[in-house]
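Within every chain, numbering begins at 1; the chains are lettered A, B, ... in the order of the sequence lines, protein sequences first and strands thereafter. A quick note: this is a predicted structure, and the numbers were derived from the prediction, not measured.
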There are 4 protein chains.
Amino acid sequence: MSSRDDTSSLPSRPQRRRLPVEERTPQILDAALEEFAARGYAGARMAEVARRAGIAKGLIYHYFPSKTELFQATVRACTRPTFEAAERSFAAHPGSAREVLRTLVDLGYDKAGNDPRDRTLFRLLITEAANVPELAAFYREEVLSRSLGIVRRLLAEGAASGEFRPDLPDAPGYAEVVLAPVLMLPVWQMMLGEQDAPAPEAMRAAHHAMLMAALSR
Amino acid sequence: MSSRDDTSSLPSRPQRRRLPVEERTPQILDAALEEFAARGYAGARMAEVARRAGIAKGLIYHYFPSKTELFQATVRACTRPTFEAAERSFAAHPGSAREVLRTLVDLGYDKAGNDPRDRTLFRLLITEAANVPELAAFYREEVLSRSLGIVRRLLAEGAASGEFRPDLPDAPGYAEVVLAPVLMLPVWQMMLGEQDAPAPEAMRAAHHAMLMAALSR
Amino acid sequence: MSSRDDTSSLPSRPQRRRLPVEERTPQILDAALEEFAARGYAGARMAEVARRAGIAKGLIYHYFPSKTELFQATVRACTRPTFEAAERSFAAHPGSAREVLRTLVDLGYDKAGNDPRDRTLFRLLITEAANVPELAAFYREEVLSRSLGIVRRLLAEGAASGEFRPDLPDAPGYAEVVLAPVLMLPVWQMMLGEQDAPAPEAMRAAHHAMLMAALSR
Amino acid sequence: MSSRDDTSSLPSRPQRRRLPVEERTPQILDAALEEFAARGYAGARMAEVARRAGIAKGLIYHYFPSKTELFQATVRACTRPTFEAAERSFAAHPGSAREVLRTLVDLGYDKAGNDPRDRTLFRLLITEAANVPELAAFYREEVLSRSLGIVRRLLAEGAASGEFRPDLPDAPGYAEVVLAPVLMLPVWQMMLGEQDAPAPEAMRAAHHAMLMAALSR
DNA sequence: GATGAATGAGACTTCATTCAT
DNA sequence: CATGAATGAAGTCTCATTCAT
């Protein structure tokens with residue numbers, strides 16, 4: 001019915017479509033993200049990834065040599081562009097350090113609280129980084145270091161312009177403490193589910209209030 | 001003939017000692033904690049739990065009906081006493097709200113940074129809560145709610161005594177933001193390893209500084 | 001019928017018999033020999049080995065960690081006793097060097113020509129030694145070197161007693177040439193099948209004749 | 001647009017050159033010989049044959065319908081010319097039976113010991129003949145029978161001329177025993193590797209000595 | 001109670017073969 | 001003719017669970 005030669009009521013896609021690599025690769029990565037998100041690394045099944053992608057099991061191995069490599073590629077492919085976009089948007093910062101900080105925090109809560117894809121990724125990163133050294137390195141270098149870097153630059157600029165207290169940029173650990181609540185929210189969401197985790201909007205507002213009080217001179 | 005006095009040949013005693021339930025159960029739970037901590041739920045092997053406990057595989061099933069149940073029993077058995085002890089120590093709070101807050105934060109960083117057993121548990125809770133509903137409920141009710149409760153009481157007491165700003169106790173999400181950095185540290189440690197995670201001492205100091213600045217009137 | 005609870009006409013052995021290791025191991029090795037002989041190393045299937053042994057697939061892995069190790073154990077277990085028995089029987093050699101040589105050659109043709117188990121082993125050794133270094137080493141040290149050693153000792157004894165020409169024991173390569181026809185017969189049998197290979201009896205007689213003519217002074 | 005003059009970017013030309021059957025066929029057979037020699041029949045991979053030939057996997061199936069047929073074609077294509085050449089060189093035998101025999105033996109050890117292509121073929125013939133009936137028939141008819149025929153003719157000529165003992169030509173199995181050491185050398189080389197196999201030169205000399213002693217009247 | 005041999009479902013992965021392009 | 005993406009059957013191996021001893 002939906003395809004030529006359909007003799008009955010089968011799932012209707014036994015058809016062998018040949019796609020260019022640039023289309024097939026993201027198709028597989030999308031399916032893999034779904035599956036890894038649903039079951040974690042160890043629980044995910046290659047057969048299920050294939051089913052989600054609508055292809056045969058073996059084809060995955062044309063594109064990725066093993067489950068491990070597929071997993072890393074999945075996380076990398078999804079995390080990097082998200083984060084790079086975030087960083088670009090900060091490069092052209094519009095106003096005072098205070099405003100930029102507010103924007104930064106808002107964006108963090110937005111990503112963590114609303115974007116299901118990013119939350120999924122965050123969860124995978126957290127639960128699997130301990131088992132996959134390369135993933136830990138990836139998180140450290142491409143996510144955490146960049147985030148902390150942005151915060152530190154903001155603290156320095158705010159101190160230079162007189163908006164923030166001057167002793168903060170040099171206090172070790174300060175950027176981590178500033179950033180932590182934003183990152184803790186998705187951890188809670190992951191552990192407790194969206195409905196039982198602390199309310200994102202409340203945390204965002206409280207976080208703003210605390211930062212303004214703590215950073216202003 | 002096959003009795004216990006035969007000390008002749010082998011150095012390893014198969015032993016086959018019949019132990020009462022009260023001794024065997026914690027022996028198994030200890031071994032299970034080690035194994036689950038080392039490999040996560042999915043990666044853990046029942047045979048390895050048995051080996052660590054020095055018993056045969058089959059014996060585990062006399063005490064726990066399945067891997068899942070063993071896992072839940074393990075987390076429950078280990079988390080509850082740890083946390084109850086922590087709460088008891090706060091009940092008898094010694095001085096001003098400011099001092100108690102400092103003690104609270106110190107204790108959090110201490111547990112997270114130094115006690116390997118607690119860090120192990122924390123890791124298991126984080127990585128597996130999403131898959132084991134009962135674990136999530138346990139965390140929410142027995143760990144997170146209690147912690148937040150303590151913080152809220154402190155904020156209220158500090159506001160009442162004039163030490164802290166009066167608007168904080170009623171701000172929703174404030175306790176979460178205050179607590180988050182303490183909890184984020186073990187998450188980072190879990191993900192990155194102790195040596196690559198942010199420095200606990202620096203975070204502790206920065207956290208103190210920020211809280212004092214943010215909470216004081 | 002042949003077992004309790006037999007509800008129909010099934011192969012009648014779903015029964016889980018627990019055997020001591022000393023009985024199960026040779027049972028598996030026997031089955032493995034059959035399967036490896038029938039299909040070669042690469043073609044053999046672990047599932048088929050299990051079926052021949054009447055056990056479940058997984059049990060093989062209790063006894064041998066991998067297909068490769070099972071293969072090596074199979075060859076070792078079968079070759080060593082056969083060869084050691086042969087060597088022992090020569091230790092107590094009865095008469096003149098000439099007679100012993102005749103006995104040796106006879107035994108070689110007998111083993112090669114008639115014992116199906118030894119022929120199977122020989123075939124496996126030949127076809128797989130090139131791919132399994134440990135097997136080649138095993139053949140060199142435990143089969144070829146010993147065989148050549150026996151021949152060399154015989155040549156020396158015959159020279160000492162005046163039965164054989166005195167220049168032979170020191171000629172390098174002589175023992176190899178003496179031995180080669182005995183070993184070539186099973187190669188031909190393997191390649192061509194028993195019916196199309198050269199006739200063992202004819203070769204034995206011709207080999208005797210040639211050796212007597214060549215070795216006598 | 002996609003034509004051959006584009007030398008701009010890549011150093012590897014995908015080429016897609018359309019070749020006549022007479023060129024493509026030996027190209028594939030050469031690659032197949034390499035691969036089968038390196039891994040045996042079961043271990044050989046069609047993809048690797050294609051890679052060695054510098055073509056796509058699918059193209060092999062334009063020329064050979066299956067792996068089995070490719071294998072047979074490979075052995076046939078390589079063995080026949082080699083052996084025919086050898087036989088031609090004997091047809092014009094120059095001198096006495098004794099000299100011809102020496103030449104024959106020398107050539108055998110030469111082929112076996114030095115020509116890597118022939119040794120490769122020999123190995124394939126030995127290891128796979130048992131599994132491929134057509135290969136066994138080929139070996140029997142085109143290799144073994146011819147070789148034995150040459151030896152028998154030589155024994156007869158030597159007996160006729162008085163150089164050799166007169167009883168040999170009629171002794172069944174004699175030609176096999178005369179020939180066996182020459183053929184056993186490459187078997188050993190295959191099993192043990194060139195460095196661990198018996199020394200070809202020593203065997204050649206010993207073989208000469210034994211034959212002269214055994215055949216002379 | 002205690003053991004560990006035994007089971008069997010199911011996981012990852014390979015590769016001969018097909019076929020859309 | 002030529003390509004290499006795509007298929008799917010089949011293989012090795014793992015491990016939670018059972019049960020004869």
Side-chain angles (χ1 to χ4, degrees), chain A residues 14-21 23-24 42-50 53-68 70, chain B residues 14-21 24 42-51 55-68 70, chain C residues 14-21 23-24 42-50 53-68 70, chain D residues 14-21 24 42-51 55-68 70:
Chain A
Q15 230 161 333
R16 175 188 264 194
R17 277 283 304 285
R18 183 193 185 113
L19 291 186
V21 176
E23 284 184 53
R24 196 59 97 190
R45 283 167 298 182
M46 296 298 268
E48 185 61 18
V49 174
I55 59 173
K57 250 185 320 183
L59 188 54
I60 301 177
Y61 290 87
H62 257 296
Y63 292 84
F64 304 95
S66 69
K67 189 185 180 183
T68 300
L70 172 62
Chain B
Q15 215 155 349
R16 208 177 177 123
R17 276 265 305 286
R18 179 167 180 158
L19 254 52
V21 177
R24 200 57 101 189
R45 282 168 299 187
M46 296 297 270
E48 185 62 16
V49 173
R51 199 195 56 74
I55 60 173
K57 249 183 318 178
L59 190 52
I60 299 178
Y61 289 87
H62 271 282
Y63 293 85
F64 303 95
S66 71
K67 188 184 181 184
T68 301
L70 172 63
Chain C
Q15 230 161 333
R16 174 189 265 193
R17 276 282 306 285
R18 184 194 183 112
L19 290 186
V21 176
E23 285 185 52
R24 196 59 97 190
R45 283 168 297 181
M46 296 298 268
E48 185 60 18
V49 173
I55 59 174
K57 247 184 323 180
L59 188 54
I60 301 178
Y61 290 89
H62 257 298
Y63 291 84
F64 305 95
S66 69
K67 189 184 180 184
T68 301
L70 173 62
Chain D
Q15 215 155 348
R16 208 178 177 122
R17 276 263 305 284
R18 177 167 182 159
L19 254 53
V21 178
R24 199 59 101 188
R45 281 168 298 187
M46 296 297 269
E48 186 61 16
V49 173
R51 200 195 54 75
I55 61 174
K57 251 183 317 180
L59 191 52
I60 299 178
Y61 289 86
H62 271 282
Y63 293 85
F64 303 96
S66 72
K67 189 185 181 185
T68 301
L70 173 62

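Taking each heavy atom of D:A44 and D:K67 in turn, the nearest pair found is O-NZ, 2.9 Å. The shortest non-hydrogen separation linking C:A42 to D:A42 is CB-CB, 3.5 Å.
One donor-acceptor pair, N or O on each side, does fall under 3.5 Å between the base of E:dG4 and the side chain of C:R18.
Contact check of residues 42-50 of chain C against DNA chain F (heavy atom, cut-off under 4.0 Å) returns C:A44, C:R45, C:M46. Heavy-atom distances under 4.0 Å link DNA chain E to B:K57, B:G58, B:L59, B:H62, B:Y63 of residues 57-64 of chain B, given in residue order.
Stem analysis of DNA chain E (Watson-Crick or G-U pairs, both distances under 3.5 Å, runs of at least three) returns E:2-21 with F:2-21.
The nearest whole Å value for the distance from the CG atom in A:L19 to the P atom in E:dC19 is 18 Å. Between the CZ atom of C:R24 and the P atom of F:dA20 there is a distance of 14 Å, rounded to whole Å.
Side-chain contact between A:Y63 and A:L70 is absent, with no heavy-atom pair separated by less than 4.5 Å.
Applying the side chain to side chain donor-acceptor pair (under 3.5 Å) test to D:T68 and every residue at least two apart in sequence or in another chain returns D:Y41. Residues passing the side chain to side chain contact (heavy atoms under 4.5 Å, CB included) test with B:Y61 are B:M46, sequence neighbours excluded. Residues passing the side chain to side chain contact (heavy atoms under 4.5 Å, CB included) test with A:R45 are A:E35, A:R39, A:E48, sequence neighbours excluded. Under the side chain to side chain contact (heavy atoms under 4.5 Å, CB included) criterion, C:P20 pairs with C:E22, C:E23, sequence neighbours left out.
When the nearest nucleotides of DNA chain F are assigned to A:P20 and C:K67 by heavy-atom distance, the more 5′-ward of the two goes with A:P20. Toward the 5′ end of DNA chain F lies the nearest nucleotide of D:I55, the other residue of the pair A:I55 and D:I55 mapping further downstream.
Rounded to the nearest 0.5 angstrom, C:R24 CZ and C:H62 NE2 are separated by 11.0 Å.
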